[in-house]
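Below you'll find the structure, written out as structure tokens, and then a few comments.
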Amino acid sequence: MAACRSPRGTLTDGGQSEEEIHLECARWVFAREAQIPILRWMMHVPNGGKRARGEAGKMRAMGVRAGVSDFIHPMHSPRGRYTGLAIELKSAKGRASKEQEEFLQDVAAAGWLAGIARSLDEFVVLAECWLHDRTPPFTSPTLEPKSKA
């Protein structure tokens, strides 16, 4: 399925840090779990942020992988179109790493809805597209599955 990225300036507020966006997105998920039970399996993958060298090494030894998106849902969407959901969060000026781009491309090629959100609004668009088996209104050729040419 398609991986997507919003066009700059469409939904972003431009002023929030990635951490602030992340907290808003988590609150949105938690607030809807009672009405939409499948959301209880949407999770944050804690493989980012600054860590002490020893802790970072321990996390790598335990299986943390660079590039895995901030939020994932490892199950089919309720109507079955998408096999999972991956959302990478970035501030308005943030850039996805090579590993993050590759993860999004690979899971999109495997049928996941995968994209980058730069605001709560964009996160909600992606989550609702996954929930309702819709195609997101924004796409980017840079996040489409790579052809094996």
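Note that the numbering runs from 1 along the sequence shown for the chain.
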The side-chain hydrogen bond (donor to acceptor under 3.5 Å, both in side chains) partners of Ser77 (sequence neighbours excluded) come to Asp133
side-chain contact (heavy atoms from CB on, under 4.5 Å) filter on Glu99, not counting sequence neighbours, yields Ala66, Ser97
Exercise. Side-chain contact, heavy-atom cut-off 4.5 Å: Cys129 with Thr135?
Worked result: no
With sequence neighbours left out, the residues meeting ring pair (Phe, Tyr, Trp, His ring centres under 6.0 Å) with His22 are His44, Phe71
Between Trp112 and Thr83, the two heavy atoms sitting closest are CD1-OG1, 3.0 Å
Closest non-hydrogen contact found for Leu120 with Cys25 is CD1-CA, 3.9 Å
Check: Tyr82 side chain, Arg134 main-chain N or O, donor-acceptor pair, under 3.5 Å:
yes
Residue set satisfying side-chain contact (heavy atoms from CB on, under 4.5 Å) with Glu20, at least two apart, ordered chain then number -> Gln16, Ser17
Does Asp70 reach the main-chain N or O of Leu89 with its side chain, forming a donor-acceptor pair under 3.5 Å?
yes
*Mind checking whether Ile38 and Leu131 have side chains closer than 4.5 Å, heavy atoms only?*
yes
Contacts satisfying salt bridge (Lys or Arg N to Asp or Glu O under 4.0 Å) that involve residues 54-66 (not counting sequence neighbours) are Arg51-Glu55
For Leu23, the other hydrophobic cluster members (4.5 Å side-chain criterion, sorted by chain and number) are none
Across all chains, not counting sequence neighbours, the side-chain contact (heavy atoms from CB on, under 4.5 Å) partners of Trp41 are His73, Met75
### Query
Is there side-chain contact between Ile116 and Leu104, with heavy atoms separated by less than 4.5 Å?
yes
Please check if the side chain of Arg118 supplies one atom and the backbone of Ser91 the other of a donor-acceptor pair under 3.5 Å.
-> yes
Taken in chain and number order and not counting sequence neighbours, the residues that satisfy side-chain contact (heavy atoms from CB on, under 4.5 Å) with Pro74 are Met43
All heavy atoms of Ala117 vs all of Leu126, minimum pair found to be CB-CD1, 4.3 Å
Do Trp28 and Leu39 touch side chain to side chain, with heavy atoms closer than 4.5 Å?
yes
Checklist entry - Is Ser69 close to Val45 at the side-chain level, that is, under 4.5 Å between some pair of heavy atoms? => result no
Which of Glu88, Arg95, Gln105 passes side chain to side chain donor-acceptor pair (under 3.5 Å) with Gln100? Answer is Glu88
### Query
Quick check: does any side chain N or O of Arg79 sit under 3.5 Å from a backbone N or O of Trp130, one acting as donor and the other as acceptor?
no
- Query: Got Ile36 and Met42 here, is their nearest side-chain heavy-atom distance under 4.5 Å?
  - Reply: no
_Taking Glu122's backbone N and O only, do any of them form a donor-acceptor pair with Ser119's side chain (distance below 3.5 Å, no angle check)?_
yes
